[in-house]
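Okay, so here's the structure we're looking at.
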Amino acid sequence: MELLPNFSLLRPRSITEAVAARAGSGETRFLAGGTDLMPAMRRGLMQADTLIDLSDVAELRGITVDNKGVRIGAGTSIEQLATHPLLARDYPAIAQAALAIAGPTHRAVGTLGGNLCLDTRCRYYNQSEPWRTAINFCMKLSGDTCRVAPKSDRCYAAYSGDLAPTLMVHAAVADIAGPLGRRQVPLAEIFADDGIAYLTLAPGELLVAVSVPVASGWRSGYEKIRTRGAIDFPLVGVAVALRCADDGLHDLRIATTGSDSRPLLIAGLDELCALPLDDALMRVDKLLRKQIGPMETTLAPATYRRRVVPILVRRLVHRLMAG
Ligand SMILES: Cc1cc2nc3c(=O)[nH]c(=O)nc-3n(C[C@H](O)[C@H](O)[C@H](O)COP(=O)(O)OP(=O)(O)OC[C@H]3O[C@@H](n4cnc5c(N)ncnc54)[C@H](O)[C@@H]3O)c2cc1C
Ligand code: SF4
């Protein structure tokens with residue numbers, strides 16, 4: 001049986017205290033709902049001498065709405081995102097993705113921050129220690145070779161959080177606190193295309209909140225393909241946000257998860273909106289083929305994941321345009 005290793009637990013009550021605790025000695029990690037971190041520590045995938053439990057930091061929790069848009073604290077539960085009436089009405093992709101995360105008990109304790117900062121996944125990595133020992137490990141942890149692409153000098157483990165693409169198509173901005181102060185960046189910029197160093201957050205930085213601007217005129221939706229319909233990570237997930245013109249598309253944004261080591265905002269969509277819808281969608285297929293790069297990191301073949309993304313995009317675009 002895999003046992004949880006010993007660790008110390010700190011309970012800061014403010015963002016300042018949390019950031020200061022992270023700068024303490026030994027290996028420290030933030031703990032939110034623990035639904036990813038705890039199983040990872042039990043499997044030996046992550047280590048920590050000290051966990052900094054964020055659940056007493058009131059400033060991290062809650063959804064606030066004003067005339068600029070919505071601000072969601074990083075400690076807000078996935079369940080709250082799934083059930084918030086304004087999100088369901090104005091930012092439906094976010095609510096749909098939240099409802100599709102894991103099972104009800106995970107959603108009750110899992111948080112926005114934990115979901116965005118989720119470790120990348122691979123079928124050779126998300127395994128027990130004896131399983132990984134039997135294959136002599138891999139480059140992401142304790143080994144020197146990638147089992148997916150043995151000649152590669154990088155890891156292709158896939159980013160598999162459901163919320164990130166939905167926030168990205170709504171032009172979300174991340175609010176980050178760290179030892180050097182506060183900074184705000186487009187959410188897409190906190191992710192790196194690397195299965196090992198998958199976040200650009202500096203050591204000790206804490207994700208505080210995510211803000212999305214007012215979504216007037218935008219329609220959005222999210223769809224994912226997964227092995228077990230009731231509870232599973234996305235093999236791939238697609239978020240679409242669009243605004244309609246009289247006879248077609250006025251604006252289109254697409255982002256994917258599960259396809260690459262980071263959630264991917266598809267580039268080059270602006271000039272397609274002037275085209276008739278069928279032509280625009282054919283060009284979207286080409287852009288997707290060029291930009292997404294699933295590897296054999298899941299039991300479902302990469303070719304399947306590559307082919308299903310354009311189908312999900314078309315399905316969503318037609319659904320959203322129908323109103
Ligand atoms: C059976 C099962 C099914 C799952 N299915 C899905 C799924 O379908 N889709 C999906 O997206 N996820 C899934 N998950 C993963 C996980 O449950 C969710 O992603 C959840 O939202 C993680 O949030 P958490 O608060 O529990 O994170 P934690 O486990 O507490 O933390 C995850 C990581 O984020 C870091 N972190 C947490 N908060 C912050 C912060 N504010 N700033 C900086 N770093 C932070 C932690 O240090 C840790 O490295 C599943 C997990 C399980 C066990
Ligand atoms: S992509 Fe390669 S290095 Fe990364 S986790 Fe999988 S096998 Fe390991």
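Along the sequence shown, the residues carry numbers beginning at 1. The figures that follow rest on heavy atoms only: side chains count, while hydrogens, waters and symmetry mates do not. One-based numbering, in listed order, for ligands and for the atoms of each.
Below 3.5 Å of separation, one finds an N or O of N115 facing an N or O of ligand 1. Polar contact check, R226 against ligand 1: no nitrogen or oxygen pair lies under 3.5 Å apart. Residue L207 has at least one N or O atom closer than 3.5 Å to an N or O atom of ligand 1. In terms of polar-atom proximity, defined here as any N/O pair under 3.5 Å, E205 makes no such contact with ligand 1.
Judged purely by distance below 3.5 Å, without hydrogens or angles, the side chains of R121 and T298 never pair a donor atom with an acceptor atom.
Of all protein heavy atoms, the one lying nearest to atom 35 (C) of ligand 1 is C117 CB, 3.8 Å. Looking only at heavy atoms of the protein, atom 30 (O) of ligand 1 is closest to G34 N, 2.7 Å. Scanning the protein for heavy atoms near atom 26 (O) of ligand 1, the closest one is T35 OG1, 2.5 Å. Atom 46 (C) of ligand 1 has F30 O, 3.1 Å as its closest protein atom, hydrogens excluded (heavy atom only). Scanning the protein for heavy atoms near atom 31 (O) of ligand 1, the closest one is G114 CA, 3.9 Å. The protein atom (non-hydrogen) at minimum distance from atom 3 (C) of ligand 1 is A102 CB, 3.7 Å. Here the protein heavy atom with the shortest distance to atom 12 (N) of ligand 1 is F233 CE2, 3.4 Å.
Between R315 and E223 a salt bridge is recorded (basic side-chain N to carboxylate O distance below 4.0 Å). Classification of R262 and D194 as a salt-bridged pair fails, no side-chain N sitting under 4.0 Å from a carboxylate O.
Among protein atoms, those of element N, O or S found less than 2.8 Å away from atom 6 (Fe) of ligand 2 are C122 SG.
If you number the atoms of ligand 1 from 1 as listed, the ones under 4.0 Å from a heavy atom of L37 come out as 29 (O). Taking a cut-off of under 4.0 Å to the non-hydrogen atoms of I78, the atoms of ligand 1 that pass are 21 (O). Heavy-atom proximity to L206, at under 4.0 Å, picks out these atoms of ligand 1: 40 (C), 41 (N), 42 (N).
Summarising the local packing, CE of M38 is surrounded by more than 12 heavy atoms from other residues, nucleotides or ligands at distances under 6.0 Å. The environment of R307 atom CZ is sparse: at most 12 non-hydrogen atoms of other residues, nucleotides or ligands sit within 6.0 angstrom.
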Counting only pairs under 3.5 Å, give me each side-chain donor-acceptor contact of residues 201-208, with atom names and distances, residues two or more places apart or in other chains.
residue: E205; atom: OE1; partner: R183; partner atom: NH2; Å: 2.7
residue: E205; atom: OE1; partner: A202; partner atom: N; Å: 2.8
residue: E205; atom: OE2; partner: R183; partner atom: NE; Å: 2.9

Compile the donor-acceptor pairs under 3.5 Å between side chains in residues 81-91 and protein atoms, sequence neighbours left out, one pair per line.
residue: T83; atom: OG1; partner: E79; partner atom: O; Å: 2.9
residue: H84; atom: ND1; partner: L86; partner atom: N; Å: 3.3
residue: Y91; atom: OH; partner: P213; partner atom: O; Å: 3.0

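For the ligand labelled ligand 1, residue A97 lies outside the 4.0 Å heavy-atom shell. For the ligand labelled ligand 1, residue A40 lies outside the 4.0 Å heavy-atom shell. Judged by the shortest distance from any of its heavy atoms, R107 lies outside the 4.0 Å radius around the atoms of ligand 1. At a 4.0 Å cut-off, at least one heavy atom of G161 sits close enough to ligand 1 to count as contact.
Considering only residues two or more places apart in sequence or on other chains, R71 meets the salt bridge (charged side-chain N to carboxylate O under 4.0 Å, His left out) condition with D175.
A cation-pi arrangement is absent between R226 and F233 under the rule of less than 6.0 angstrom and at most 45 degrees off the ring axis.
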